[in-house]
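Labels below follow one simple rule: chain letters A, B, ... track the order of the sequence lines, proteins then strands, and each chain is numbered from 1. What's counted below: heavy atoms across the whole structure, side chains too, no hydrogens, waters or symmetry copies.
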Amino acid sequence: GSSTPSSPSASAQGGSAAAGGKIGIDFPRTDSDFWNSYNKYVPKLAGELGVDLMPPTNSQNDVAKLVSNTQALVSQGAKAIVMAPQDTGAIATTLDQLAGKNIPVVTVDTRPDKGKTFMVVRADNRAYGEKACEFLGEQLKGKGKVVEFQGSLSSVNGRDRSEAFAECMKANYPGITVFAEPTEWEGTKASAALQTRLTQHPDINGIYMQAGGVFLAPTLQLLKSKNLLVPPTDPKHIFIISNDGIPQEFQAIRDGQIDATVSQPADLYAKWALSYAKAALEGKTFAPGKTDHDSTIVDVGGGRLEDQLPAPLVTKENVDDPNLWGNQVG
Amino acid sequence: MTETTVTSPGTPGGPPGTAGGTGRGPSGLRLARFRDLALVPAILLLVVVGALIEPAFLSGDNLTNVLQQQTELSLLVLAEAVILIAGKFDLSLESTVGLAPALGVALVIPAASNGLGTDWPAALGIPICLLIGVLVGAFNGLLILRFKLSAFIVTLGMLIVLRGLQIGFTGGQNLFALPDSFLYLGNARWVGLPASVWICGLAYAIGIVALGYFRHGRSVYAIGGNVDAARAAGVRTDRVLWTVFMIGGLLAALAGLLMTGRLGSVAASQGNGMIFTVFAAAVIGGVSLDGGKGTLFGALCGVLVLGLINNILTLAGVSAQWIQAIYGGIILIALMLARVTSGKAQD
Amino acid sequence: MTETTVTSPGTPGGPPGTAGGTGRGPSGLRLARFRDLALVPAILLLVVVGALIEPAFLSGDNLTNVLQQQTELSLLVLAEAVILIAGKFDLSLESTVGLAPALGVALVIPAASNGLGTDWPAALGIPICLLIGVLVGAFNGLLILRFKLSAFIVTLGMLIVLRGLQIGFTGGQNLFALPDSFLYLGNARWVGLPASVWICGLAYAIGIVALGYFRHGRSVYAIGGNVDAARAAGVRTDRVLWTVFMIGGLLAALAGLLMTGRLGSVAASQGNGMIFTVFAAAVIGGVSLDGGKGTLFGALCGVLVLGLINNILTLAGVSAQWIQAIYGGIILIALMLARVTSGKAQD
Amino acid sequence: MMSPPATPAVEARGITKRFGPTTALDGAGIVIGEGETHALVGRNGAGKSTLVSILTGLQRPDEGQVLFAGRPAPALADRDGWRRRVACVYQKSTIIPTLTVAENLFLNRQAGRGPINWRSLRARARDLLDEYGVDVDGGRLAGDLGVEQRQLLEIARALSFGARFIILDEPTAQLDGPAIERLFERMRALRAQGVTMMFISHHLEEVYQVCQSVTVFRDARHVLTSEVADLPHDELVAAMTGEAAAGYQARSRASRSSAPIVLSAEKLSLAGRYQDVDLAVRAGEIVGLAGSGSSGKVSLAETLVGLHAADSGTVTVNGARPRPGDVTSALRAGLGFVPQDRHKEGFVPLLSIAENATLPIAHKLGRFGAVSPARRRARAERMIEELDIKTTGPSQPVGDLSGGNAQKVVMARALADDPGALVVIDPTSGVDVRAKQALLGAVEDAAERGAGAVLVSDELDDLRICDRVVVMFHGRVVKEVPRGWADAELVAVMEGVDAR
Ligand SMILES: Nc1ncnc2c1ncn2[C@@H]1O[C@H](COP(=O)(O)OP(=O)(O)OP(=O)(O)O)[C@@H](O)[C@H]1O
Ligand SMILES: Nc1ncnc2c1ncn2[C@@H]1O[C@H](COP(=O)(O)OP(=O)(O)OP(=O)(O)O)[C@@H](O)[C@H]1O
Ligand SMILES: [Mg+2]
Ligand SMILES: [Mg+2]
């Protein structure tokens, strides 16, 4: 039998004999606003969902650490694991080992290249890139120069966003020149690149930053010092779209400093990751199709399921929507 | 085999243009200057290449950008160069770059903006930031000099601890709500140039004069060259070293301050991974890891080389896929060029 | 002031470091052993703490995990320790960890799986991987020994270049279609223990015997201690150093091989940032950055200390927010403990 | 014990100092009267330099007390206090190689509070160097100087402080005749100004030349203090060694002109160092190589062993032609080598005596590249015994040995392989009388076993064991002096007075 969970406490179908058991969770990193919000939602939601959560481990963006953390969680008795492997290839062996021990795994944010997972909870990163491309393309009416702060090439999310953005630009807006700046997710690199680029091409009129948490402040600061932080009505205005959905981005949208962001649902990540892990322990199974929470479960090949959560585009119109996670944290 | 040559100790610790003679006899003086200027051909080459690739390269605006983007790095390199000349090591500078302004900011901003809730007067922000730098340096000095621990591991441990503290008390959040004083320094322009460039130039000028023309500065070279001999000559080696560590921390905090102002926030990862670049610039600039050798002017040239390479690669729009390989390749070539023009073995 | 203590020039102006590492006379041997065992109290303490915090700590499974997780690190530490003892530096090891297996894999897998399209026989994968390690070491040696460039900057440049090459030809993609041979080594168990643990144990055993009881091994110490004296005593210093660099590259490639097998893919960032930990482990284990001093056994203890700290912190479920600060703090404490129990100044 | 008039200028009482298991000083003391030049002598490792480091405040004694003019010495941290009371030429270099000569001279007193005036500093340095007759450019890096010039620098620096008490720890060990004479004149002038001095040397005749009183240490203890005039040479040696003295007698050897040539140089030239040198050493022969400052003798010897590659000409060792500039192939051809600067090229300070001494023969101490620690130890114990090295055992690091004993280890290393040819540079610098005998004896033993030796030295005592002395002057061989020379004759040749 299969079901779509209608709520976290959906009734068990596969018999709840195996229900219960500790859930181990590994946090990928603690030095970005997005992940910090996620890290904060997890224990809160675990309480609400009635999940028996072990003390979370932290792999500090290092897959080797993630592997050892997982092993430690298992030896401490974890019956299900939630993780967010930032390096999607290097986790394959671990997933196989966990599968061998019948420990279901829910991955958040990234889809492992290989290996068995119970569910992948993520937003579609390619969609981020496409949304950003479409937004800028429309605002600039298909003409102009755009600077793109790429993430690290060795991160899937960065690569997905970059590729989708580039493909969409090429296909739909050939009149827009894109300067793709490699930043390794570093604010200083982005700031330096933008400064250089603005000197070289003073007529730049669009910016796509792949991570607002890292690039927002440096970009605004630089534009301010160049007197380029002007309202959209001004012809000098540079259109900026960001990814993440942190409160500071919302504030910047309200202030007219940036124009849009794609809200990456930190709260939903936490909520559904825990729900699926719990469901796995309760013996439930799922099938592709629409869910009751505005998302779709898709089969990404080999029977691996992925719940693609909605990642709304936030602009001045909907920036005050209280449902956005960025409006729920301090 | 090359074993026959006598590896003569390279860089003189001499003050620029004065007694810093290497080599032998009357041509020694000239050689010494060359060594200091070893990177100048590399810099010239880069400038020519830059101008060919992109006319905008030579615009005053762009060159100012290059300078401004390197200010924080160059302050760290200044700090590290002095510490290396004194024969020690400091890896923890890169964490101080993040921790000092983070604490300085967190203590003065309201808890609602991720502050610590102490709400101290905003005017204290900068002094606290600098003080923290000095304290970190003093603590490093304590462990290294009193407890006789290895500078490398002490500061490696501190690197981790300080970064950890920053993540700990900010909960890993970036601090966005900066007091105006922080923003001012990172953004103001004085007489047409960014304030940070002036500050950095001043710091180097003071450093060059102090290391070149003052007794305590010279004793840094003496200590790095042979600490026992320096002690025998009456240099209070521990005191000088301690001071050097504290100045290093101070400069790192200042760099953090400027970076915070320029980027408009304190990232939890501010400074992360910079120490490699700091060492690269210092060593490329002729500062020896063995101590006692190198000049601040050389170190500054090292910073410039790296800054120019970065700028040119950005202007040239090199593909993200190959940028790192090319960057590394150019550094290696610049090194070999410096080696060939200076004619000295490096160390 | 601390000037009174042992480091003062015994016979004044003595060659720096005379009073160093080992003890003197008949009891000298004993003291020397103590120095080697300096970390043992720290290790014991960690084991006790681990057992108290979490009973699962002492389970065979967990201890095996600790060992297996440290195998790649320990191979790198072995390589770096030998290079440091020889008085040189190699930062590029961490890039070799990624590049060597990446190239080895990419040359044998089909283009569809992100391979280079050469489709060489799969059996060549491992030999190519190891060969690349050796070649990287040989190239480092060439620049450092023939061109007399500084080991620090050469290998720093190589660190960047090699990583850049890997990103360049893989386009930043992970390679996960591994030939079976790669997977085998990282996953097989021999007689109850992971194959990688055996390999690593064997490498250390060979290293310890070679450095302790073989002519070429001893000459590594002689070179690190005083390269001129070693040369005057007829040691072919350049040849030995070159070999040391090549072995270092080989070990790094081997470490990359094991890591690839264990993790089931070659990540574009494989090995990134490891070099800090490598140095930390080596130096905590008593290997001096000045050369000529330290043992492989000590270095292995350093690896174990770091591995145990990691494992205990994970088991203890320390809050993600503070884990780094605590980790760094414990390293500092372990160092001081080693200092106190060995009673020696570190360097 | 002589009781000096009034309060002594310097007094050390009951000093004990231990380094781990080694007791360097055991309740030893010294009393130096105001204005006198006082010699401190003793065998290598007697504790002289240790006393120096205590008298200059570099080390704290475990027990005992130091008094200056009757008042306790300043605290160890008070470096300025020490510097006002005592200046010192240390036995081991305190020159900072990365700084210039001028700056080394005025280290830590380049200027007062204000900025340094480099021009005037260089001028002051030039004056000082001229005053001491040191022909060095003040702008050169000290690290580029030879040992000799560095030693002169140390002396000039110490004497220029204007301190009332000066310690000279083996200042003459690296100097040639004229330089020593200049130093002595200087010392006499200082004494005339009432400066108190403590002088350490293994050349006992120097003690008689410049000192009024002498203290002897033996095995870390004070043995005697006496007026120099009251103490004949052999009694002094007996006090040092604890046994009746016997002067070293060069042995007579029948040098056979039919013996094979084991070491030769043909038309050897190295630009700036020496030109067109021919040299042939037969088995069983010891050839001295002498010449005063910058004669090129050391460079020549270093070329023979492969430390330099000659510009032209060939070197032959035991009939083989080692690769120029390759020490290993020269050693493999059967050469033994004692380098000039033992700290630079002689030993690895952290490694044990056993390892240092067997470094060139490691391949013979086991199979397949292995080195048997037991055989190494046995070898080393034999060497320690043969050369009478004062040590706690073969596993003691050489860095912890006193200067003379370290030199013996270097000699042991050279002899380890029973070399057919031997190149020995300045073997007895800083070595006590007994050790000197042991070292020269070792060279002679080697010659008797059939080795041919080149002995580079300016010491007439050393050269006496040579069958002939080849004298160089400004890079050329000027004369060959057969055995039986008179001191004055040889010195004249070396100084170029006699050169035709
Ligand atoms: N720093 C040290 N550590 C260990 N042992 C030392 C140290 N300094 C000196 N010693 C030992 O103390 C003893 C006395 O050494 P010292 O250098 O004072 O002798 P010395 O009389 O100056 O000999 P020389 O004439 O050879 O210079 C020697 O046995 C030496 O090995
Ligand atoms: N490393 C060097 N580089 C350049 N010149 C050198 C070097 N070493 C020595 N010389 C010069 O070569 C010449 C011969 O030096 P060498 O040391 O052989 O003479 P020497 O006879 O030993 O003199 P001394 O008695 O002063 O030691 C001298 O003029 C010296 O200054
Ligand atoms: Mg002595
Ligand atoms: Mg000489």
Side-chain angles (χ1 to χ4, degrees), chain B residues 1-3 5 7 89 91 143 145-154 156-165 167-168 171-172 226-229 231-232 236-239 273 276 279-280 283-284 288-290 320-329 331-332 335-336 339 344-347, chain C residues 1-3 5 7-9 12-14 16 89 91 143 145-150 152-154 156-165 167-168 171-172 231 236-239 273 276 279-280 283-284 288-290 320-329 331-332 335-336 339 344-347:
Chain B
M1 303 289 277
T2 39
E3 289 164 357
T5 48
T7 33
F89 246 89
L91 303 173
L143 292 184
L145 300 169
R146 288 280 171 144
F147 289 78
K148 305 234 171 280
L149 296 172
S150 138
F152 185 87
I153 19 184
V154 163
L156 180 61
M158 287 296 281
L159 171 83
I160 304 171
V161 169
L162 297 180
R163 175 75 57 213
L165 284 178
I167 290 182
N226 182 347
V227 64
D228 292 331
R231 193 177 298 136
R236 292 174 192 274
T237 53
D238 277 14
R239 192 178 292 183
F276 256 135
F279 271 93
V283 179
I284 288 174
S288 159
L289 296 182
D290 299 337
Q321 190 167 350
W322 289 104
I323 197 164
Q324 256 193 291
I326 294 174
Y327 180 67
I331 290 183
L332 275 183
L335 285 176
M336 296 203 226
R339 164 84 179 83
K344 292 264 171 192
Q346 294 168 343
D347 44 19
Chain C
M1 301 293 277
T2 42
E3 287 161 358
T5 46
T7 46
S8 49
F89 245 90
L91 302 174
L143 292 183
L145 299 169
R146 288 278 172 146
F147 289 77
K148 303 226 172 287
L149 296 171
S150 136
F152 185 88
I153 21 185
V154 164
L156 181 60
M158 288 295 282
L159 171 84
I160 304 171
V161 170
L162 296 180
R163 173 78 56 215
L165 285 179
I167 290 183
R231 191 178 298 136
R236 292 189 190 278
T237 53
D238 277 16
R239 194 179 292 182
F276 257 139
F279 271 93
V283 179
I284 287 175
S288 159
L289 297 181
D290 300 336
Q321 190 167 351
W322 289 103
I323 195 164
Q324 255 192 293
I326 294 173
Y327 179 66
I331 290 185
L332 276 183
L335 286 175
M336 296 203 226
R339 162 87 179 83
K344 292 268 167 188
Q346 295 169 342
D347 42 22

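Ranked by heavy-atom pairs under 4.5 Å with chain C, the list B/Val227, B/Leu332, B/Ile323 is led by B/Leu332.
B/Leu143 touches chain C through its side chain: at least one heavy atom from C-beta onward sits under 4.5 Å away, while N, CA, C and O do not. Both the backbone and the side chain of B/Leu165 come within contact range of chain C, judged by heavy atoms closer than 4.5 Å. The part of B/Ile331 that comes within reach of chain C is its side chain, from C-beta onward, which places non-hydrogen atoms under 4.5 angstrom from that chain. Proximity to chain C involves both the backbone and the side chain of B/Phe276, based on heavy atoms less than 4.5 angstrom apart. Both the backbone and the side chain of B/Ala280 come within contact range of chain C, judged by heavy atoms closer than 4.5 Å. With a threshold of 4.5 angstrom between heavy atoms, B/Leu162 does not approach chain C through any atom at all. Contact annotation for B/Leu159: only side-chain heavy atoms (C-beta onward) come within less than 4.5 Å of a heavy atom of chain C.
Summarising the geometry, atom CG belonging to B/Asn226 is positioned 11.0 Å from atom OG1 belonging to B/Thr237; distances are rounded to the nearest 0.5 Å. Between atom CD1 of residue C/Ile160 and atom CD of residue B/Gln324 there is a gap of 7.5 Å, rounded to the nearest 0.5 Å.
Between C/Phe279 and B/Phe152, the two ring planes are tilted [angle within 30° to 60°].
Taking every heavy atom of both residues into account, C/Ser288 and C/Asp290 meet most closely at OG-N, 2.8 Å. The shortest non-hydrogen separation linking B/Val161 to C/Gly329 is CG2-N, 3.2 Å.
Side-chain contact between C/Phe89 and B/Leu289 is present, with at least one heavy-atom pair separated by less than 4.5 Å.
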